[in-house]
Each structure stands twice: as structure tokens, then as C-alpha cells.
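Written below as C-alpha cells is the structure these notes are about.
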Amino acid sequence: MAKMTGAQCLAEMLAGYGVTHVFMVPAVLRRTFAEMERRTQIARIHTHGEKSAAYMADGYARASGRPGICMAQVIGALNLAAGLRDAYLAHSPVIAFTGGRDPKTKFRKVYQEVDDVPAFEPVTKLNATVDDVSRFPDMVRQAFRVAVSGAPGPVHLQFRGNEGQIDAEEADMEPLVEPLFSRVPPFRPEPDRAQMRAALELLQQAERPVIVAGGGVRASGGGRALTALAERLQVPVATSLNGKDSIPGTHPLSVGVVGTYSRESANRVVAQADLVCFVGTEAGGMTTHFWAVPKIGAKAVQIDIEAEALGRNYPLQAAVLGDARTTLERMLEAADAASAAKRKPWIATARGICAEWREKYTSQLESSAVPMRPERLVAELTQRAPDDALVVVDTGHAGMWMGGMFDLRTPKQNYMRSAGHLGWAFPAGLGAKCATPDRPVVVFTGDAGLWYHIGELETAVRWGINTVVVVNNNGGGNQSKRGFDRAYGGEQTQKARELWTYKMVNFAKIAEDIGALGIRVEKPNDIGPAIERAVAANRPAVVDVVTDIEALAPTAVG
Ligand SMILES: Cc1ncc(C[n+]2csc(CCOP(=O)(O)OP(=O)(O)O)c2C)c(N)n1
Ligand SMILES: [Mg+2]
């Protein structure tokens with residue numbers, strides 16, 4: 001134990017946990033920032049908003065498996081809480097620090113203050129206050145422990161003082177660090193042998209099984225074990241959006257993303273399966289097209305690290321509690337390859353369904369139309385994304401186009417997606433690049449998505465965060481078009497377009513103005529070279545691709 005300030009303790013602990021960047025809007029924990037400069041190499045990225053700071057921390061966390069740290073003073077706390085929502089939905093280990101009320105002044109209408117703590121409740125696994133400086137070490141350790149354990153997720157610590165001035169106080173403390181909790185997963189629980197065998201037997205007996213792999217496979221680094229098991233037993237693999245990078249899209253057993261933002265082939269294969277094996281997925285609404293694919297009552301087995309996920313949405317023939325990678329490895333060790341032969345016809349059927357999907361969409365994927373088809377843009381990205389690219393995708397149409405039509409070509413490529421919040425991808429892509437500076441990071445977003453946090457282009461330039469942003473720019477949020485047609489009882493009025501269209505803007509020009517590389521693309525043959533140039537530039541870059549505002553992504557097959 002040594003007498004030290006909270007600021008010294010916190011700076012040393014963050015460095016000890018391997019934190020390389022923190023994301024925030026000042027002013028919070030100011031003395032901690034001074035100590036970071038004195039004692040650590042931590043980069044202190046100040047952003048243009050607390051929500052984007054949270055998204056950057058989220059992108060950092062999902063890209064690296066290490067907790068992402070974001071911060072706000074009391075007045076920015078709810079902006080930060082709003083930004084934890086996506087991390088909560090996607091099980092991303094984000095740790096948020098805020099300033100908070102001082103017992104000496106609370107309830108006296110102190111400047112900028114409300115009780116922020118309740119607002120963090122629905123978006124965190126742990127939501128706690130640090131009221132005495134001597135609690136810094138144990139509370140920070142608990143924050144890391146909770147964020148990365150089990151199904152990971154956000155944590156909030158509120159530090160006393162609107163700017164967390166408690167960090168100036170002294171106590172006898174030891175800045176003890178537990179490296180075990182510096183990344184996901186700290187533990188790899190072994191499955192119960194009998195339960196694992198029961199699931200395996202069912203998979204081996206099935207004639208038309210399918211595996212649905214989710215974000216839990218990605219978090220446990222289970223992609224290789226998943227692919228090996230699928231190959232050994234000859235089982236097609238569909239994924240959730242969060243699990244898209246657990247098997248390359250070009251693998252012969254991959255049938256695509258299943259659910260609502262999906263690929264028709266995946267939905268058809270899952271709907272025809274005689275057994276669905278869920279691995280590391282909550283089998284939530286998005287992954288099952290609101291429990292229509294497969295239908296409730298379909299024969300199912302499930303593997304998850306959280307007991308409460310097992311059977312929540314589908315009654316199970318076998319439930320296996322365990323780490324996804326470990327469980328898949330145990331199944332692989334025990335798998336009977338001879339059982340694969342009977343699934344030859346099923347594999348042929350699944351391949352046929354995939355071929356039908358490709359044939360159906362070839363004309364769009366190869367379209368030379370102007371204004372361009374988004375399908376062509378996505379096909380170009382499949383071909384041009386570097387072999388080790390980390391692709392970060394927004395929601396809405398971006399999630400539909402990319403989830404359904406983009407393919408990862410190698411196991412070294414990764415994919416992360418907004419769990420529902422428009423505007424997440426750009427800041428998340430900046431955070432991801434901070435976490436993995438040696439990898440090309442490519443963001444895919446619509447124009448409405450980019451507008452949300454476009455100010456962070458300045459952050460990217462200021463810090464040299466060389467993320468490439470590909471904008472599917474149609475001058476509006478045209479995913480809303482169908483919804484407004486329905487709302488108007490058929491076809492919307494011309495005036496209704498004011499509800500979802502914007503001024504068509506040249507984002508490449510804005511990027512250039514701020515000091516990034518900007519490339520405007522108006523012809524399909526120019527997309528590929530523009531992406532390659534942007535990736536090679538090693539600068540923050542925006543590839544602004546003008547596409548057809550009437551183009552709508554195919555809806556899910558039920
Ligand atoms: C925070 C948030 N607010 C609203 C929405 C609803 N929403 C989904 S897609 C979308 C428009 C998307 O526009 P854009 O990014 O330009 O993509 P496009 O549909 O034009 O391809 C909206 C408003 C959302 N997903 N998240
Ligand atoms: Mg748009």
C-alpha cells in the first residue's frame with residue numbers, strides 16, 4: 001500500500017490493464033488525464049460528442065476483445081449512456097466513467113446536475129458509484145471483471161464530483177491489476193460431457209441439420225473450431241449479423257446471414273432444417289426473423305456461456321452450458337465423421353439454394369447502371385476489401401445490403417455491425433482502428449448514418465486514425481421509403497419524401513476540407529480503384545459513392 005491520489009491510482013490501473021486509448025469529451029477526471037501523461041502512454045482521444053466517444057470505445061472493444069473506455073462529465077453523462085445502448089445489445093465490454101453528484105450539494109440545484117445513475121441501469125451489467133477514493137482499486141477491478149465475464153457488456157462507474165474531482169483525493173491504495181480480466185474471455189468453461197454428447201448425437205443423427213452461429217462464437221474466437229466441426233460433420237452454417245465473421249462467406253458450407261437483415265439462402269436452409277444448432281446466439285428477433293425462421297417448435301439444440309440464454313426462445317432437445325470455442329472443440333474431438341455421408345443430399349440442396357440466390361442477384365451485383373446499385377458497391381467491397389480487413393457496418397439499409405450481400409473471403413477478415421443504432425459505424429470504425437492500427441479498417445455506412453457523427457472526421461484527422469469510410473450516398477434515408485408507403489396506405493405522396501430525404505452532399509469535398517482523403521465515385525467501374533486507393537493512402541479517407549435513391553434491399557424470406 002502506498003499513499004497516492006485517485007488520479008495516480010486510476011492512471012496506473014488503466015495502463016496495467018493494457019488500455020491504449022480512452023475516448024471522452026472534457027472535463028472529467030482531469031487529474032487522471034494529467035497522470036496518464038506523466039505515467040502512461042495512453043492516448044486521450046477527445047471527441048465531438050459523448051455518444052461518439054462511447055461508440056469509439058465500443059468499436060475498440062469489439063475489434064480487440066479488450067474493454068473500451070469512455071468518459072463524460074456530469075452534463076454529458078446521458079449522452080454517454082445513449083452510446084452504451086448498442087454495446088449493451090451487442091455484448092461489447094465498454095467501461096464508462098462519469099462525474100456525479102457530491103453529497104454536499106445534491107438536491108440544491110447545483111449547476112448541470114440531475115441524477116444520472118438510473119439512466120445507466122438498462123444499458124449496463126454493473127452500474128455503480130465511487131464515493132470514497134479508497135474504493136478506486138476494487139471498483140475499477142470489478143468494472144473490468146464484469147465487463148469481460150460471461151456474456152460481456154458495458155459497465156458504468158460514476159465518480160463523485162461533477163467532473164470526478166474525487167480523483168484529487170488521497171488514500172493508501174494499491175493499484176492492483178488482474179490481467180485475466182483485461183480481455184474477453186477470462187474463462188473458458190468446459191461443457192458438461194453428457195450434455196455436450198447429447199447435442200453432438202442429435203447433430204450426427206440429423207439428416208438436414210444447420211448451425212446458426214452468433215456473436216458468442218466471435219467473442220470466444222471460435223470460428224476455426226466451428227468451421228472444422230461443420231466440415232467434419234458436413235453441416236451447413238448460417239450466422240447472425242454479430243456472428244458473420246465466424247465463417248468466411250465464400251466457404252462452401254456457408255449459407256449466409258439468417259433472419260431479418262439476411263440472405264434468402266440462409267433463411268431457406270434454416271427453414272428446411274430438421275435440427276437447428278444455435279451456438280453463441282440469443283436466437284433473438286433479428287436472427288430468427290422474429291421467431292419465424294426457424295419456426296418455434298423446430299427441433300433445436302443450443303450452446304451458450306449464459307445459462308439463461310439456453311432455451312429462452314426455442315424449446316431445446318439439448319442445452320449445453322460452456323464457452324463456444326471450447327464446446328465446439330470438444331464436439332470436434334468426439335465427432336463421428338462417418339455420420340456425414342448421409343447428409344450428402346442435404347448439402348447438395350443447400351448448395352443449390354445458395355446458387356439460386358446468387359443467380360437471382362447477379363444482375364444487380366454486376367450492374368453497370370448509373371446512378372449505381374448498392375449491390376454493385378457491396379460486390380466491389382467483397383472483392384476489394386484487403387485480406388485482413390476489419391469491416392464495420394452501420395444499421396438499416398447498410399446492415400441489409402452488407403449483412404445479406406457482402407462476403408468475407410478469408411478467416412482473417414472480421415466484421416462488426418451496429419446492433420441497431422444508426423450512425424454507430426463511423427465512430428466505431430475509428431475506435432476499431434485505434435485498437436488494431438496495423439489492420440485496414442473499412443466502414444460501410446449510408447449518408448444518414450454518416451451525418452450523425454460527421455464531426456469525428458476532424459478527430460480522425462487530428463489523431464491520424466486512418467479508417468476508410470465508404471458511404472452509400474443516396475441523399476436520404478431511403479430504407480424508410482417502404483415504411484412511409486405503407487403508412488400512406490399504398491404509395492406515399494411526393495411531399496412525404498421530405499420525411500426521409502436530404503440535400504445531396506459531396507462528402508468527399510467535406511473530407512478534403514477537413515484534411516482527409518476524399519474520393520467521389522459516380523460510375524461503377526470507379527468503385528474498386530477508389531477503395532484500393534483509399535486503403536493504400538494510409539490516411540483517414542472517405543469514398544463517397546453516389547447510388548440510386550430508388551434502390552431497396554430485398555426483404556427477408558419467412
Ligand atoms: C438511432 C436510430 N434512429 C433511427 C433509426 C431508424 N433508421 C433505420 S435506417 C434509417 C435511415 C438510413 O439512412 P441511410 O444511412 O442514408 O441509409 P439508406 O437507407 O439511405 O441506404 C433510419 C432513420 C435507427 N436505426 N437508429
Ligand atoms: Mg441514404
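We count ligands from 1, going down the list as the structure has it; atoms in each ligand are counted the same way.
For ligand 1, the atoms sitting less than 4.0 Å from at least one non-hydrogen atom of Gly396 are 9 (S), numbered in the order shown with element in parentheses. Ligand 1 places these atoms under 4.0 Å from at least one heavy atom of Asn472: 21 (O). Every atom of ligand 1 with a heavy atom of Gly449 under 4.0 Å away is listed here by number and element: 15 (O). Applying the 4.0 Å criterion to heavy atoms of Leu422 picks out, from ligand 1, the atoms 1 (C), 2 (C), 10 (C), 11 (C), 12 (C), 15 (O), 22 (C), 23 (C), 24 (C), 25 (N), 26 (N). Near Thr395, meaning under 4.0 Å from one of its heavy atoms, ligand 1 places the atoms 25 (N). Close approach of ligand 1 to Asn474 is summarised as follows: ligand atoms under 4.0 Å from at least one heavy atom of the residue are 18 (P), 20 (O), 21 (O).
Within the 4.0 Å heavy-atom cutoff, Gly476 counts among the residues contacting ligand 1.
Protein heavy atom in closest approach to atom 4 (C) of ligand 1: Tyr452 OH, 4.2 Å. Nearest non-hydrogen protein atom to atom 25 (N) of ligand 1 is Gly420 O, 3.0 Å. Protein heavy atom nearest atom 14 (P) of ligand 1, with residue, atom name and distance: Ala448 CB, 3.4 Å. Taking atom 16 (O) of ligand 1 as the reference point, the nearest protein heavy-atom neighbour is Asp447 OD1, 2.7 Å. Of all protein heavy atoms, the one closest to atom 17 (O) of ligand 1 is Gly446 CA, 3.9 Å. The closest protein non-hydrogen atom to atom 21 (O) of ligand 1 is His397 CB, 3.0 Å. At the top of the distance list for atom 9 (S) of ligand 1, counting protein heavy atoms only, stands Gln479 OE1, 2.9 Å.
Residue Leu408 holds its CG atom at 5.5 Å from CD of Gln413, rounded to the nearest 0.5 Å. Rounding to the nearest 0.5 Å gives a distance of 8.5 Å between OG1 of Thr47 and CZ of Arg462.
Put simply, Gly476 gets within reach of the Mg ion (ligand 2), with an N, O or S atom under 2.8 Å from it. Here Asn474 reaches the Mg ion (ligand 2): one of its N/O/S atoms is less than 2.8 Å from the metal.
Summary: OD1 is the N/O/S atom of Asp447 found nearest to the Mg ion (ligand 2).
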Steps toward side-chain hydrogen bond (donor to acceptor under 3.5 Å, both in side chains) verdict (Asp58, Ser92)
CA-CA 6 Å; Asp58 185 2; Ser92 172; 2.6 Å; yes
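The protein reaches atom 23 (C) of ligand 1 closely, with a heavy atom under 4.0 angstrom from it.
Only one option out of Asn506, Asp544, Thr547 pairs with Asn473 in a side-chain hydrogen bond (donor to acceptor under 3.5 Å, both in side chains); it is Asp544. Shown are Val391, Thr467, Asp388; of these, the side-chain contact (heavy atoms from CB on, under 4.5 Å) with Pro440 is made only by Asp388.
Counting heavy atoms under 4.0 Å from ligand 1, residue Asn478 touches it through both backbone and side chain.
Nearest heavy atoms, Ser480 versus Trp500: CB-CB, 3.9 Å.
Under the 3.5 Å distance criterion, with hydrogens and angles disregarded, a donor-acceptor pair is assigned to the side chains of Thr20 and Tyr60. Inspection of the Asn538 and Asn466 side chains reveals no N or O donor paired with an N or O acceptor under 3.5 Å.
Relative orientation of the Phe97 and Phe159 rings is perpendicular, given thresholds of 30° and 60° on the angle between their planes. Between His453 and Tyr55, the angle of the ring planes goes over 60°, which puts this pair in the perpendicular group of the 30/60° scheme.
The pair Glu380-Lys523 does not meet the salt-bridge criterion, since no charged nitrogen lies less than 4.0 angstrom from a carboxylate oxygen.
Aromatic pair Trp451/Phe426: ring centres not closer than 6.0 Å.
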